[in-house]
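Here the structure comes first, spelled out in structure tokens, and everything after it is commentary.
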Amino acid sequence: MRIVITGAAGALGRELVAALAGEDVQALSHTALEVTDRRAVLDCLDSLRPDVVVHQAAWTDVDGCEREPDRAFRVNALGSLNVADASSHQGAHLLYLSSDLVFDGHKDGAYHEWDRTGPLQVYGRSKLAGEHACPPGSTIVRTSWLCGRRGRNMVRSVLALASEHETFGFVADQLGCPTMVGDLAGMIRHLIGERLPGIFHVTNQGEASRYELARAVMELAGHDPDRVHPIELAAYESAVASRPVNARLDNMALRLSGIGLLPPWRESLAHLVGELLGMREG
Ligand SMILES: NC(=O)c1ccc[n+]([C@@H]2O[C@H](COP(=O)([O-])OP(=O)(O)OC[C@H]3O[C@@H](n4cnc5c(N)ncnc54)[C@H](OP(=O)(O)O)[C@@H]3O)[C@@H](O)[C@H]2O)c1
């Protein structure tokens, strides 16, 4: 099975390449493949002839997308359409990475795969357009609050803030499902093996506010968690794009399909913080 990964030099991409060690993987960085270049995408997949395409290249700067909607839709919507079309030409199965931000956050409780979408910001709308570009039979994975060894993420931010500031704040009135990139990569490996069609919410189990997550990171790193203070999402709304107060994803489709769920986030967070501290010391 030949697997092509777009955006492979990103935070998830690099973890995915590691999780697929031993497989025939063509890891395409942004430099190797610009997904907005339709001709390049068609030619590239024509020469590589993949069986599976994992399309996770995206412009992930949520506030940047709000400022430059054309760029957001060019990459996340049109780029996804190019990859979807080229995958169909090759008869390749497509797995597309999407986001919790396709929802508006007004629901009481966690969102499942059959809930109505309603993104609040350009990023979410452009990612949803990417979902709509996927041909029938594709696998769509919606995930949230990614934390890993690379790239900008909350866990790395908390560890950096802890070494630079005595106290700092994180939003306490927004709930989501923290997800460790390594766990997600393992599930993607499983899903492309099965080639199951449909939308799957894939997160670590359990919910948290960013404030709770930050406190957990502090505790695991041996710092006083009281150095983190709660702030309101409204105060953070000086950010350009709106964020939903409820970004929780119920992994209903995995559950109903009898596929094992990812571990609770606190369990996997402990491994990640240990790894990050080890990397610092090493
Ligand atoms: N991070 C999260 O919390 C989160 C949550 C839900 C869903 N997701 C989704 O998960 C996927 C991976 O996210 P991530 O956190 O790993 O993001 P990331 O680190 O920003 O990686 C995205 C990759 O896509 C590349 N890319 C951007 N524009 C491109 C283009 N026009 N053509 C080709 N490649 C392009 C980027 O390259 P450059 O850096 O060189 O531009 C980067 O390597 C994305 O689809 C994202 O929407 C992420």
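Every heavy atom of this structure was used, including side-chain atoms; hydrogens, water molecules and symmetry mates were not. One-based numbering along the sequence shown. First listed ligand is number 1; within each ligand, the first listed atom is number 1.
Contact annotation: for R142 versus ligand 1, there are no heavy atoms closer than 4.0 Å. Counting heavy atoms closer than 4.0 Å to ligand 1, residue T6 contributes nothing at all. Counting heavy atoms under 4.0 Å from ligand 1, residue Y123 touches it through the side chain alone.
The nearest protein heavy atom to atom 17 (O) of ligand 1 is closer than 4.0 Å.
Contact between G151 and ligand 1 is absent, with no heavy atom of the residue lying under 4.0 Å from the ligand.
At least one N/O-N/O distance between L12 and ligand 1 falls below 3.5 Å. Between L146 and ligand 1, at least one pair of N/O atoms sits closer than 3.5 Å. Taking any N or O of D100, backbone or side chain, none lies under 3.5 Å from an N or O belonging to ligand 1.
Among all non-hydrogen protein atoms, the one lying nearest atom 32 (N) of ligand 1 is V35 N, 3.1 Å. The nearest heavy-atom contact from the protein to atom 20 (O) of ligand 1 is T60 OG1, 2.7 Å. For atom 45 (O) of ligand 1, the closest non-hydrogen atom of the protein is K127 NZ, 2.8 Å. Protein heavy atom at the shortest distance from atom 43 (O) of ligand 1 is G10 N, 3.2 Å. With respect to atom 33 (C) of ligand 1, the closest heavy atom belonging to the protein is L33 O, 3.1 Å. In terms of protein heavy atoms, atom 19 (O) of ligand 1 is closest to A11 N, 3.0 Å.
Closest heavy-atom approach to atom 27 (C) of ligand 1 among the candidates S98, G148, A58: A58. Checking L249, L184, T143, T179 against atom 5 (C) of ligand 1, the nearest heavy atom belongs to T143. Ranked by closest heavy atom to atom 36 (C) of ligand 1, the top entry among E34, H30, R150, Q56 is H30.
Between the side chains of H93 and T139, at least one donor N or O sits under 3.5 Å from an acceptor N or O. Side-chain atoms of H201 and R142 include a donor-acceptor pair closer than 3.5 Å. In this structure, a donor-acceptor pair under 3.5 Å is present between the side chains of T203 and N251. Inspection of the S80 and H55 side chains reveals an N or O donor paired with an N or O acceptor under 3.5 Å. A side-chain donor-acceptor contact under 3.5 Å links H30 and E34.
Grouped with L249 in one hydrophobic cluster are V102, F103, Y111, L128, the linkage being side-chain heavy-atom contacts under 4.5 Å among Ile, Leu, Val, Met, Phe, Trp and Tyr residues.
Ring orientation note: the planes of W114 and H112 are tilted relative to one another, at an angle of 30° to 60°.
Here the closest heavy-atom approach between residue A8 and residue Q56 is recorded as N-NE2, 3.9 Å.
Without hydrogens or angle criteria, N246 side chain to H106 main chain gives no donor-acceptor distance under 3.5 Å.
Cation-pi geometry between R74 and W59 is not satisfied (NZ or CZ under 6.0 Å from the ring centre, within 45° of the ring normal).
Close approach of ligand 1 to A9 is summarised as follows: ligand atoms under 4.0 Å from at least one heavy atom of the residue are 43 (O). Counting atoms of ligand 1 from 1 in the listed order, those under 4.0 Å from a heavy atom of W145 are 3 (O).
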Q | Worked verdict on R255 versus D250 for salt bridge (Lys or Arg N to Asp or Glu O under 4.0 Å) | A | CA-CA 9 Å; R255 220 171 45 242; D250 177 8; 2.6 Å; yes
